[in-house]
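Taking it in order: structure first as C-alpha cells, then the write-up.
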Amino acid sequence: IHPLLGQRIDIANLASIHFENQINQQNPVYLQHHQVFDTVIMPFSGYVEMVLSAASNLYQTKDEINKLLLTDVEIHQALILEKKSTTVQLILTPISTSTKKEYKFEIFSLTQQSNNSKIKNQTWILHASGKINHEAEPLESRYQAQPGNENFENLNTIDVENFYQSCEKQGINYGKSFQAINQLWNYEQVALAEIVLPQEFINSTAYKLHPILLDASLQVVGSVLPDN
C-alpha cells in the first residue's frame, strides 16, 4: 500500500477510480516536519506524488513517470494534518472530451463536525485538482531544461542553515526530514543546489517522486524570490 495514496477502492457503477488512505502527522512520519505557522500541512509535493502513483497504477507505466503529464494543477485549500487520522481520497474521472485517455484528478479529505445535538456531520473538502495524461514518448524530449548564459562563477554560496532559519522567520518551518538541500548557490534570479534525500528514506521504493525531493526543488526556487 502506498504511504500517501493508500489503496484502490471499488465502487459499483462508477466510471471514476477511487483511492483512499488514512493520513496523520505521524503517517507517513516525515509529514510532521512540514509546518506553516506551526501547523502541519500536506506539502504540495505530496499531492503530486499521490497523482503520479495513481496514474502509474492506472496506465500501468511502472517507473516511467517521465511519460505522465500533469496540467491545470490547483490547490484549493490546505490539508491540515492532526494527530488523529484523516480520511483522504483521490478520485480519477475520465474526461469524455479527451482523445488521449486524459483524467481529471481531485483530492479530498473527510471532516467531521458535531452540531448542538451531538450528531456528527461529515463533509468532503476539496484540496487539489488538475488533469493527468499519459504521453506516448518521454516528456524530457520536449521539456528538457537548458542551461542559460549566466556566468556560474558569479554564483554566491548560501549558508543552508541560515536559509532554513530565514524560512522559519517567514512562518515556514522545514523540519529535519524536509531539510534536503545540502548545498545552495544563487546569483540574482539564478539558483543552483545539491539536494540529498535523507538516509532514512533512501530505500522508500513505494514512491515515484519522493515528496521530500520535489519539495526541496521548490525550496531552491524560493531562494531567489524577494523576502517579501
Side-chain angles (χ1 to χ4, degrees), residues 1-6 21 23-56 63-66 68 70 73 75 78-81 88 107 127-128 130 139-140 143-145 147-148 150 152 155-227:
I1 298 177
H2 190 279
L4 286 174
L5 181 64
N21 199 12
I23 298 176
N24 59 50
Q25 295 179 359
Q26 298 283 339
N27 182 34
V29 65
Y30 56 83
L31 291 178
Q32 64 184 304
H33 294 152
H34 188 271
Q35 299 184 21
V36 177
F37 296 111
D38 299 321
T39 300
V40 179
I41 67 169
M42 172 71 77
F44 170 80
S45 56
Y47 299 125
V48 173
E49 167 60 24
M50 291 173 69
V51 177
L52 290 177
S53 295
S56 296
D63 295 327
E64 297 178 334
I65 65 168
N66 58 351
L68 298 176
L70 282 168
V73 180
I75 301 299
L79 172 52
I80 297 175
L81 300 173
V88 177
I107 298 176
H127 297 283
L139 294 172
E140 61 260 27
Y143 297 101
Q144 183 68 45
E150 295 82 4
F152 288 98
L155 288 175
N156 303 308
T157 300
I158 305 300
D159 185 280
V160 175
E161 184 176 352
N162 288 342
F163 168 72
Y164 281 116
Q165 289 177 352
S166 175
C167 292
E168 187 174 0
K169 290 179 181 178
Q170 298 179 57
I172 306 173
N173 188 357
Y174 295 112
K176 178 181 177 182
S177 296
F178 277 88
Q179 294 184 17
I181 297 178
N182 193 42
Q183 297 186 76
L184 179 63
W185 304 267
N186 69 15
Y187 175 71
E188 295 181 349
Q189 294 181 314
V190 178
L192 180 68
E194 178 188 49
I195 298 172
V196 179
L197 188 66
Q199 185 64 37
E200 59 266 35
F201 304 112
I202 292 294
N203 296 321
S204 303
T205 57
Y207 295 92
K208 301 301 177 183
L209 176 58
H210 202 290
I212 291 175
L213 289 178
L214 179 55
D215 193 89
S217 300
L218 298 175
Q219 295 169 24
V220 176
V221 176
S223 72
V224 293
L225 295 178
D227 290 339

Side chain to side chain contact (heavy atoms under 4.5 Å, CB included) against [X], all qualifying residues, sequence neighbours excluded:
X    : result
N203 : none
A55  : Y59, L68, I132
S217 : I195
L214 : S45, V48, L209

Residue list, side-chain hydrogen bond (donor to acceptor under 3.5 Å, both in side chains) with [X], at least two apart or on another chain:
X    : result
Q183 : E194
Y47  : none
H127 : S109

Parallel, tilted or perpendicular: which describes the rings of H210 and F201, with under 30° parallel and over 60° perpendicular?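 H210 and F201: tilted rings.
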
Partner residues of [X] under the ring pair (Phe, Tyr, Trp, His ring centres under 6.0 Å) criterion, sequence neighbours left out:
X    : value
H33  : none
F178 : H34
Y174 : Y164

Counting only heavy atoms not in Q165, do more than 12 sit closer than 6.0 Å to its CD atom?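 Yes, CD of Q165 has more than 12 neighbouring heavy atoms, counting only those of other groups under 6.0 Å.
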
I'd like to know if the side chain of N21 and the backbone of P3 have a donor-acceptor N/O pair within less than 3.5 Å.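 Looks like yes, one N/O pair under 3.5 Å.
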
